[in-house]
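Have a look at the structure below before the remarks.
Keep in mind that what you see is a predicted model, and the values were worked out from it rather than measured. Chain letters run A, B, ... following the sequence lines, proteins first, then strands; residues in each count from 1. Every heavy atom of this structure was used, including side-chain atoms; hydrogens, water molecules and symmetry mates were not.
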2 protein chains.
Amino acid sequence: MKRTIYTIASELGLSPGTISKVINRTGNVSEETRERVLAHIKEVGYVPVTSARMLKSKRSYTIGVVFSEDLHIGLEHPFFSSILQHFKNYVENEGYELSFIVSKLGNNRMSYYEWCMNKKVDGVYIVVGDYGDEGLYELAKKHIPCVSTDILIPGIHSIISDNIMGIQVSLDHLYHTNRLKSVGLIAGPQQSKAFFERYEAFKAYHAEHQLPIRPEHVVFAESFGFTSGYQAALKLIENPLPEGLLVGSDDIALGVLKAFKDKGIRIPQDIQIIGYDDIAFAKHFTPALTTVKQDRELIATTAAKKLLQLINNPNIKVEEVIRIPVELVLRDTTR
Amino acid sequence: MKRTIYTIASELGLSPGTISKVINRTGNVSEETRERVLAHIKEVGYVPVTSARMLKSKRSYTIGVVFSEDLHIGLEHPFFSSILQHFKNYVENEGYELSFIVSKLGNNRMSYYEWCMNKKVDGVYIVVGDYGDEGLYELAKKHIPCVSTDILIPGIHSIISDNIMGIQVSLDHLYHTNRLKSVGLIAGPQQSKAFFERYEAFKAYHAEHQLPIRPEHVVFAESFGFTSGYQAALKLIENPLPEGLLVGSDDIALGVLKAFKDKGIRIPQDIQIIGYDDIAFAKHFTPALTTVKQDRELIATTAAKKLLQLINNPNIKVEEVIRIPVELVLRDTTR
DNA sequence: CTGTTAGCGCGTTCAT
DNA sequence: ATGAACGCGCTAACAG
């Protein structure tokens with residue numbers, strides 16, 4: 001049987017308004033009727049129709065997810081999909097659902113903001129965003145609760161791994177512990193804030209410790225993924241190699257490893273390598289990749305908590321960037 | 001400025017009803033006014049509020065996605081996430097959005113069907129489902145447009161890779177082309193229809209060609225993923241190995257490869273291996289994995305087309321199982 | 001061909 | 001503490 005607050009009201013000899021009040025914990029209802037209603041609702045399995053609530057109340061208990069496709073990172077990406085999964089778990093547990101924000105829907109084009117208004121989402125989570133994307137800045141200006149991970153937009157709260165720490169720990173290990181003389185970098189595409197920060201941290205470390213950086217030891221991968229890493233490694237090989245190498249992300253690093261293997265360069269004998277992310281596959285590869293582990297679950301849940309907090313206290317104005325500490329995981333590509 | 005059909009109607013000196021008609025391509029509107037309205041709508045960036053449409057029309061232009069977590073396959077899974085991505089692309093292009101069906105939302109529990117009613121989704125796509133999940137069968141009984149991939153539920157249209165063909169091609173290659181004497185199988189968990197079918201096909205092939213199967217040459221992986229494959233391989237190694245080996249899926253196969261490598265078993269000299277799926281990583285692994293390539297994009301778009309067709313013609317009653325042909329990709333784990 | 005109007009199911013005053 | 005009634009923005013049926 002199809003139920004509305006009307007039917008269940010009449011079943012209980014009450015009025016629709018009262019039912020609404022107990023559902024939304026609003027207004028005054030006697031403890032007794034409250035429990036009676038709750039019990040009945042649970043028994044018959046009544047659930048309020050979302051669209052009607054949304055229409056009336058301007059809330060949706062839905063969080064819009066920006067997963068930009070411009071960067072050609074798909075749901076397949078091991079890092080972002082994992083973060084999204086953890087985020088999803090957390091917010092669902094708190095009663096929120098996820099809905100992908102899409103700007104091109106059939107023939108309609110709308111900005112993220114328009115989409116949010118239209119869908120009345122309670123908040124927005126930017127998992128994958130492109131700095132070239134105007135829509136993100138528009139979102140930041142409007143007062144809609146919004147968090148991002150891995151990308152830094154002025155006006156938006158961000159949770160991002162401590163890239164400076166990651167690079168520092170890596171370089172300390174290579175220069176100090178393992179006493180290498182030179183360390184190169186295969187940097188990821190610089191549109192990504194994370195990659196950008198890692199590159200900056202790399203330079204800053206060398207400046208601070210008065211260590212030289214040979215220009216031919218720094219190569220930029222064209223894009224994300226294995227193939228970009230492979231290409232970048234080929235380019236690096238054109239010149240004498242450094243003794244150690246940092247790579248912007250694991251998926252790129254695996255391509256680098258493969259290229260070296262194909263070219264007969266031994267790891268870690270000829271060159272020691274450290275990746276970034278600790279994707280699931282890093283430890284399964286041969287040789288197993290030494291890498292900077294990002295706590296994806298912590299990043300995701302921190303983002304989720306922050307967003308829910310923002311949703312419930314829209315008066316928080318101070319933008320915040322939360323850094324999540326990282327950890328160096330030693331495996332077979334370093335000594 | 002906030003707009004509704006009323007405001008734009010008055011801006012154009014028309015009535016709300018007319019606006020609605022042109023938006024929904026329903027009823028009779030003169031070509032002239034139609035274009036006038038469309039132009040104005042585009043100019044001011046008006047988009048109908050979804051919740052109001054839904055409330056009234058029983059449609060949502062949303063497709064519910066079942067991505068069961070019981071199987072511990074997350075968004076991270078390379079095969080399923082890829083399929084979902086392709087599906088998403090296709091339906092978004094047709095004007096539909098995706099929303100994850102979640103059965104446990106905060107304190108509320110509802111069945112898939114209840115959720116669908118509540119959200120008024122136009123159809124359901126089952127990407128990852130568990131045969132033990134009652135909710136799936138309930139869904140099949142009700143008349144809600146529904147398709148699945150990789151899982152076969154009576155009453156639900158399915159798009160599934162041609163597993164019989166995949167196994168046949170693999171075994172032909174090993175037994176016939178490469179003249180092996182014995183081929184084993186590391187089967188995936190049998191709750192998955194795909195894995196079940198591959199196992200059945202494996203047996204059927206041997207029966208048909210009057211080839212023996214040694215029981216110790218068949219091992220069942222406990223679960224999905226690299227680690228399960230590694231474990232299964234260890235178990236296989238306890239007895240004399242077959243000359244060839246089929247593995248239920250690539251992610252499992254990569255674990256198998258690693259185990260063999262660790263145990264000093266050479267591939268393909270000591271044993272030839274064929275995986276299943278052709279995940280992105282298969283060709284990057286060393287040795288590159290020979291595998292049965294599933295056309296993930298074709299599977300996904302076929303599913304999407306089928307579902308949209310079902311949504312638009314609810315009178316189609318005949319359940320259909322569409323088999324998507326596969327292709328053997330020869331790489332370095334076979335000769 | 002265009003306009004009018006009655007709900008869709010719910011949340012929220014304002015009375016009682 | 002409970003109820004009545006209005007309206008959120010839209011669609012569809014009907015009237016003109």
Problem - Electrostatic pair B:Lys306:B:Glu320 at N-O distance under 4.0 angstrom - result: yes
Exercise for the section: Would you give a per-nucleotide map of nucleotides 10-16 of chain C, 5' to 3', where B means the base has a protein non-hydrogen atom under 4.0 Å away, S means only the sugar-phosphate does, and - means neither? Expected result: BBB----
Exercise for the section: Find the distance B:Arg25:CZ to D:dA12:P and express it as a whole number of Å. Expected result: 13 Å
Problem - Strand contacts (DNA chain D) in residues 29-41 of chain B, 4.0 angstrom heavy-atom criterion - result: none
Practice task
Take the protein atom NZ of B:Lys119 and the nucleotide atom P of C:dG9, then report the distance between them rounded to whole Å.
Solution key: 17 Å
Practice task
Rounded to 10°, tell me the angle between the two end axes of the helix from C:dC1-D:dG16 to C:dT16-D:dA1, each built from five pairs.
Solution key: 40°
Fill in the blank from the handout: Residues at least two apart in sequence or cross-chain that pass ring-ring contact (aromatic ring centres under 6.0 Å, His included) with A:Phe79, listed by chain then number, are none
Exercise for the section: In whole angstrom, give the distance that lies between atom CG of A:Leu55 and atom P of D:dC10. Expected result: 9 Å
Exercise for the section: Decide yes or no for A:Asp150 and A:Ser192: does some side-chain heavy atom of the first lie under 4.5 Å from some side-chain heavy atom of the second? Expected result: yes
Fill in the blank from the handout: Interatomic distance, OH@A:Tyr112 vs CG@A:Leu139, rounded to 0.5 Å, equals 9.0 Å
Fill in the blank from the handout: Residue set satisfying side chain to side chain contact (heavy atoms under 4.5 Å, CB included) with A:Leu38, at least two apart, ordered chain then number -> A:Val22, A:Arg34
Practice task
Measure the spacing between NZ of A:Lys141 and SG of A:Cys146 and express it to the nearest 0.5 Å.
Solution key: 13.0 Å
Exercise for the section: Calculate, to the nearest 0.5 Å, the distance between atoms CD1 and CD1 belonging to B:Ile23 and B:Ile5 respectively. Expected result: 7.0 Å
Problem - Residues, nucleotides or ligands: over 12 heavy atoms within 6.0 Å of B:Glu31 CD - result: yes
Fill in the blank from the handout: Closest heavy-atom pair, B:Ser158 versus B:Ile156, reported as atoms and distance to 0.1 Å, is OG-O, 3.3 Å
Problem - Gap between atoms CE and P, on B:Met117 and C:dG9 respectively (whole Å) - result: 13 Å
Problem - Nearest-angstrom distance from the residue atom CZ of B:Arg59 to P of D:dT11 - result: 12 Å
Practice task
Could you pull out all residues at least two apart from B:Tyr46 that satisfy ring-ring contact (aromatic ring centres under 6.0 Å, His included)?
Solution key: none
Handout entry: Electrostatic pair B:Arg3-B:Glu11, nearest N-O below 4.0 angstrom
Key = yes
